[in-house]
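Single-structure report; data block below.
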There are 2 protein chains.
Amino acid sequence: MTTPAVTRVPQEERTRAMRQRLLEATVELLVEKGFSGTTTTLVSERAGVSRGAQLHHFPTKNDLVVAAVAHLTEIRGQELAAAAAQLPRGKKRTRAVVEMLGDHFASSVFTAALELWVAARTDPALLEAVGPLEERVGRETHRLTVQLLDVDESVAGVRELIQATLDLVRGLGLANTLGDDARRRHRILDEWARTLDESLGFEARSARTSTTGDARSARTSTTGRST
Amino acid sequence: MTTPAVTRVPQEERTRAMRQRLLEATVELLVEKGFSGTTTTLVSERAGVSRGAQLHHFPTKNDLVVAAVAHLTEIRGQELAAAAAQLPRGKKRTRAVVEMLGDHFASSVFTAALELWVAARTDPALLEAVGPLEERVGRETHRLTVQLLDVDESVAGVRELIQATLDLVRGLGLANTLGDDARRRHRILDEWARTLDESLGFEARSARTSTTGDARSARTSTTGRST
DNA sequence: AAACAAACAGTCATGCTTGACTGTTTGTGA
DNA sequence: TCACAAACAGTCAAGCATGACTGTTTGTTT
């Protein structure tokens, strides 16, 4: 019963721990050194694991990185779930959701994923592993966002706006990798959240009236679009 | 008079041509093989230039790539200017502008720039060259977009929406590198163009049911993007 | 306790990229 | 036409990442 076929049950505790350390070291190095800078030697050193031990678990660099992708996916899911759990309900929820997504895509987790993403573009073997995985994560994120915003996707246009939001934070995350500017990001997402609320039919949620009035329509005949 | 200091005037024609070929080969390889896959040997082979000739013009790989960045910037500017010249005026202009940006950020030019962008993140020498350049290009693109859309940036929120638009197309471009269809992009940008018009006070432009309440449910799935 | 199996550790050869070196061609001025 | 200088071409050694190989330790089962 407890011994299915082979005889290694308590040992795999060490195995798990070692793999864990290797994967975490890999992610760290991806952020610090980039993909090509993440050498297998550096990984083993960083993880405090011998070279042979590493090869034992991950025979090739691709194996290691592919496993890191999966590990990363796990982290991403946990992070998002944790952040989503403590979102405020009510009028400022849209903005909170958007900011949460923005922060997530500005984290080091995204940076590491970006490295893999870009590397996978020109590495068929990596693409085969990263592609489906990232697609799955994307769908999951989309679903989560729809759920968090509590919108009806069957309404035309809503799905596209959600996708736009996710692509926006992706773009912001990309911009964030070179020059960190959290203030810019927050300003943009703040405005985005307002626009989103308006377009989704949540005007009541975030009334922007006070700040600008109807100054938006300064150019094409003042249509006086108050709300 | 015609010989300032040294004696090479007609010869530099060849020089320019050779540099041009090298830079174009570099860009091509960046798209095909990625940054680390772009070896100096491959570049010289692709360009039909000898190894020594290449080293003569670009002593190190960094020099070559940095020059490629500048060359790329040139291309990006030309592409955008050319596309902007034949934009339709009138009601569908916003959508046309947005689509133009979307297409631009989905081109191979963006792909090559992305490789450099990501590589520069973990390469100080490269960052020093790419950072300011990309920032300048970003500002230029922003300015161009403002001009093309003919919006007043002094109005609160407008600047952020323009930035959001650019970050959105950047995110879409990133998604496009792995394998994202153009249809998705067009749907998203189409919807965003509408939203942008509404938020900028151009409702008259993109005739769409009014924005009050959740009028979106009124419009069903039709909404093709002709007309 | 002993034997067996798996996990772990260290070392080394292979292959590749880089850029430095030397020779050749092309263009310019006298 | 000759001399000089710059651009160009090809080759080669150094440095490094990779992963294959062999030996050692740890854990389990009888």
With distance as the sole criterion, is a donor-acceptor pair present between the side chains of R51(B) and T40(B) under 3.5 Å? yes
How close or far is atom C1' of dG10(C) from atom CD of E45(A), stated in whole angstroms? 13 Å
Between atom CG in L55(B) and atom P in dC12(D), what is the gap in whole Å? 16 Å
Pair S154(A), D152(A): side-chain N/O donor-acceptor within cut-off below 3.5 Å: yes
Phosphate oxygens OP1/OP2 of dA17(D): is one of them under 4.0 Å from a side-chain N or O of K61(A)? no
Among dC8(C), dT18(C), dC8(D), the nucleotide that comes nearest once only the side chain of M18(B) is considered: dC8(D)
Just to confirm, is there a sub-4.0 Å distance from OP1 or OP2 of dG19(C) to any side-chain nitrogen or oxygen of H56(B)? no
Side-chain N or O of T60(A) versus OP1/OP2 of dG19(D): is the shortest distance under 4.0 Å? yes
Any side-chain N or O of S50(A) less than 4.0 Å from the OP1 or OP2 oxygen of dG10(C)? no
Below 4.0 angstrom, N of the basic side chain to O of the carboxylate: do E134(B) and R76(B) qualify? yes
What's the CG-C1' distance between L22(B) and dA7(D), to the nearest Å? 13 Å
Students often get this wrong, so: under 4.0 angstrom with heavy atoms, is T41(B) touching a base, only sugar-phosphate, or nothing? base
Got a salt bridge between D123(B) and K61(B), using NZ or NE/NH1/NH2 to carboxylate O under 4.0 Å? no
Taking atom C1' of dT11(D) as reference, at what distance in whole Å does atom CD of Q54(B) sit? 15 Å
Without decimals, in angstroms, what is the distance between H57(B) NE2 and dC8(D) P? 4 Å
Whole-Å distance, L64(A) CG to dA17(D) P, equals 16 Å
Side chain of R51(A), heavy atoms from C-beta onward: which of dG10(C), dT18(C), dA9(C) has the nearest atom to it? dG10(C)
Of the nucleotides dA9(D), dT18(C), dT11(C), which one has an atom closest to the side chain of T39(B)? dT18(C)
E128(B) atom CD, over 12 foreign heavy atoms within 6.0 Å: no
